[in-house]
Each structure stands twice: as structure tokens, then as C-alpha cells.
Visitor: 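Got a structure for you, questions after.
Atoms within each ligand, like the ligands themselves, are counted from 1 in listed order. The first residue of the sequence shown is numbered 1, and numbering continues consecutively from there. Scope of the values below: all heavy atoms of this structure, side chains included, with no hydrogens, waters or symmetry mates.
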Amino acid sequence: MRAALQSEIGQDKLEVVEDMEAVGFGPGKVKIRIKATGLCHSDLSAMSGVLPQPAPFIPGHEGSGDVVDVGDGVTTHKTGDRVLVCWLPPCGHCPACKRGQGHLCLESFSNVATPNFRRAGSDIFGFAGTGTFAEEMVVPAACAVPIPDDLPYDIAALIGCGVTTGLGAAINTAKVQAGSSVAVIGCGGVGISVIQGAKVQGAAQVVAVDPVASRREAALRFGATEAVAPDAFGDAKNRITAGEGFDYVFEVVGKSATTQTAYEMTRRGGSVVVVGAGALDDNYSINMFSLFFDEKKILPSMYGGGDVLRSYERTIALWRAGRVDLASLITHRVRLGEINDALDQMRTGVALRTCIEL
Ligand SMILES: [Zn+2]
Ligand SMILES: [Zn+2]
């Protein structure tokens with residue numbers, strides 16, 4: 001089958017190959033025919049080495065498709081089920097899951113170090129234990145979350161990562177209060193989802209901050225009340241909050257420098273919400289006086305900061321009710337053979353999300 005392969009970390013292009021094989025099928029597993037997959041910024045970060053990932057590997061962790069085979073002992077799925085891919089499924093019985101923090105479950109993390117594919121006699125890994133830039137994929141049954149018939153594959157794919165991450169940061173992690181002031185640094189697919197989450201929560205002001213003009217325009221369409229380039233952020237803070245700072249500032253870039261900006265733009269007692277996935281060697285430091293005296297809350301938010309299955313259901317309910325616009329997040333579409341176009345669209349910032357149809 002066809003798949004997009006990265007041979008070594010650091011390469012900026014993927015090779016579309018025809019002779020890939022999905023391996024590991026057996027008890028407890030399902031095989032999925034992938035229909036749609038989104039390109040998430042984390043895929044680029046894994047390709048460049050910012051996020052740890054063994055190679056050679058197939059990127060992609062935001063996907064949807066049909067179950068085409070069901071392993072022994074799997075009672076939750078049947079052939080033909082429509083599913084979205086959950087790259088970090090909660091096991092349901094570890095201490096984190098029992099606390100209702102399924103997004104912190106590490107049970108499935110061993111998938112990351114297990115090859116999901118084979119080609120010409122060599123093991124190939126799948127990003128985050130998945131690898132959705134492939135026509136077929138074998139995953140533990142818990143990674144294949146059934147979706148309702150009215151949810152299109154392309155939107156379902158986005159719910160598997162970017163949309164859940166962004167909405168969850170605003171709703172689960174920050175618990176944005178009605179009438180509050182919010183700023184969002186970084187307005188790609190995840191940042192736009194943060195904006196929509198803040199709007200759902202009833203924020204009064206939502207300021208989008210991004211260097212790319214087309215993303216600022218998009219942010220306004222999705223509910224930002226104002227959109228500014230980074231160099232105008234300080235002025236916006238002074239004008240909107242009378243200099244005090246925002247109640248919530250979301251960092252959706254994954255860098256210490258933008259986290260510092262978020263910290264400075266947050267009011268005393270407000271919340272800095274770190275949504276971006278950053279590098280192991282990019283450290284953030286803060287002086288102990290400010291940490292204590294300004295009482296700003298630093299809230300990391302991983303994969304939506306809550307039970308992912310509940311978050312999926314909530315997202316689908318909001319989408320059905322027309323309270324969030326997920327279809328418009330897909331600004332570009334390509335076939336698998338044009339995958340490198342999708343990488344360019346993400347790198348230059350012209351795409352909120354590119355959907356790759358398989
Ligand atoms: Zn667990
Ligand atoms: Zn992602």
C-alpha cells in the first residue's frame with residue numbers, strides 16, 4: 001500500500017512509496033483503511049527532530065477511516081465501523097485514568113517504540129504510535145474511536161488532535177470565564193480552535209496574535225474580536241486591558257520566547273496556558289519573585305487537558321449545534337502524492353489545516 005515515508009530525522013520532504021506494509025495485526029488490534037488525515041504542526045516537529053521520534057517513520061497522527069479487520073478478543077469494533085484515530089487512548093484503569101485525566105495516561109505510549117510498518121524487510125515506525133499518512137494502519141482497538149454517521153471523515157480527522165487540543169485548552173484547562181479577556185499567540189488550526197473554545201465559553205475579548213496576515217483574517221472569521229501582528233500585541237494589551245494584562249494568554253507555538261511573551265501579557269493572577277509542543281532543550285525560566293508575587297498561573301495543556309473521549313463527544317455536539325465551525329478549518333486539500341505541498345502550506349502559514357485524502 002501507499003504511504004509517505006521519512007527515512008531520517010531532519011529531512012524536510014517525504015517520499016511517497018507504494019510497497020509499505022502495515023504490521024502488528026493480532027489480538028486486541030484493528031486494521032484501519034485511512035480515508036482522511038490532517039497535517040498537524042507536531043508532524044513537522046517530529047520530522048525536524050524538535051519532538052522525539054524514532055526513524056524511519058511515517059508521520060501523521062490525525063486521521064479517520066474504516067475498520068477493515070478486527071483482531072481476536074476485540075468486542076468493541078466490527079468491520080465497517082467508521083472511526084477516528086486517537087493517538088493517546090486512555091486505558092481506563094491506570095491512576096491517571098481513574099482520576100479522570102485520561103490525556104495523561106501513559107499505557108499506550110509503548111506504541112511509540114513499536115514499529116507499525118514494514119518495507120523491504122526493514123521496520124518502520126509510525127508517528128506517536130500511529131502513522132496516518134498511509135492507506136492502512138494497525139493500532140490497538142482503543143486507538144480507533146467510533147464516530148457517528150453524520151460526521152465526515154475530514155472533520156473527524158481534525159477532532160483526533162488539533163481541534164480537541166485547542167478547544168480543550170480553553171474549556172478544560174483554562175476554564176475561560178464568561179466576560180473575560182483572552183489573547184491567543186499562534187493562529188494555525190490549533191490556535192483557531194482555542195479562539196472558538198474561548199468564544200463558546202463566553203469570553204468578551206479574544207485577541208489573535210500571529211505574524212501571518214491570512215491567519216489574522218481567519219482568526220476574525222472564527223470569532224476573534226481583534227487580530228494583531230506580534231509587534232502590535234503590547235499596544236492591544238494596553239488599549240483593551242488598560243495596561244493590566246489579559247485574563248488568559250494562550251501560547252500555541254511551543255517556544256520559550258513566546259511563553260515569556262504570554263507571561264508578560266497576562267495580568268497578575270491571570271492564566272498563561274501553554275498549548276504548543278516544544279523541544280526538550282528549550283528551557284523556560286522565571287524569577288522566583290515574580291512567580292510568587294504576581295501569582296500568574298502557568299497551565300500546560302496537553303491534548304486538550306481532559307478526558308479525550310469526553311472531549312471528542314463534546315466537540316461533536318458543539319459542531320452539530322453549529323457552535324463551532326470545523327469545516328472551514330480545512331483551507332487546503334491534497335492527495336497523498338502531493339503530500340509535500342501540504343508540508344509547504346503548513347510551513348508558510350497559508351493553511352490552517354490541509355486535509356490529505358487517501
Ligand atoms: Zn490509563
Ligand atoms: Zn497533533
Visitor: Where the Zn ion (ligand 1) is the centre, what is the SG-to-SG angle for Cys97 and Cys94, rounded to 10°?
Guide: 110°

Visitor: Looking at Tyr263, is Lys296 sitting on its ring face, NZ or CZ under 6.0 Å from the six-membered ring centre and within 45 degrees of the normal?
Guide: yes

Visitor: Taking side-chain hydrogen bond (donor to acceptor under 3.5 Å, both in side chains) as the criterion, tell me which of Thr132, Thr130, Asp154 meets it with Thr37.
Guide: Thr132

Visitor: After noting the C-alpha distance and the side-chain angles of Asp294 and Arg267, does the key distance pass the salt bridge (charged side-chain N to carboxylate O under 4.0 Å, His left out) rule?
Guide: CA-CA 8 Å; Asp294 291 328; Arg267 70 161 166 81; over 6 Å; no

Visitor: Taking both backbone and side-chain atoms into account, decide whether His93 has an N/O/S atom under 2.8 Å from the Zn ion (ligand 1).
Guide: no

Visitor: Nearest 10°: the angle subtended at the Zn ion (ligand 1) by Cys91 SG and Cys105 SG?
Guide: 110°

Visitor: With 2.8 Å as the threshold, which protein atoms of type N, O or S lie near the Zn ion (ligand 2)? Leave waters out.
Guide: Cys40 SG, His61 NE2, Cys161 SG

Visitor: Return yes if some donor-acceptor pair links the side-chain N/O of Lys29 with the main-chain N/O of Gly26 below 3.5 Å, else return no.
Guide: no

Visitor: Are the side chain of Gln53 and the backbone N or O of Leu51 linked by a donor-acceptor pair below 3.5 Å?
Guide: no

Visitor: If you measure from CD on Gln201 to CG on Leu167, what distance do you get to the nearest 0.5 Å?
Guide: 9.5 Å

Visitor: For Arg335, is there any backbone N or O sitting under 3.5 Å from a side-chain donor or acceptor partner on Glu338?
Guide: yes

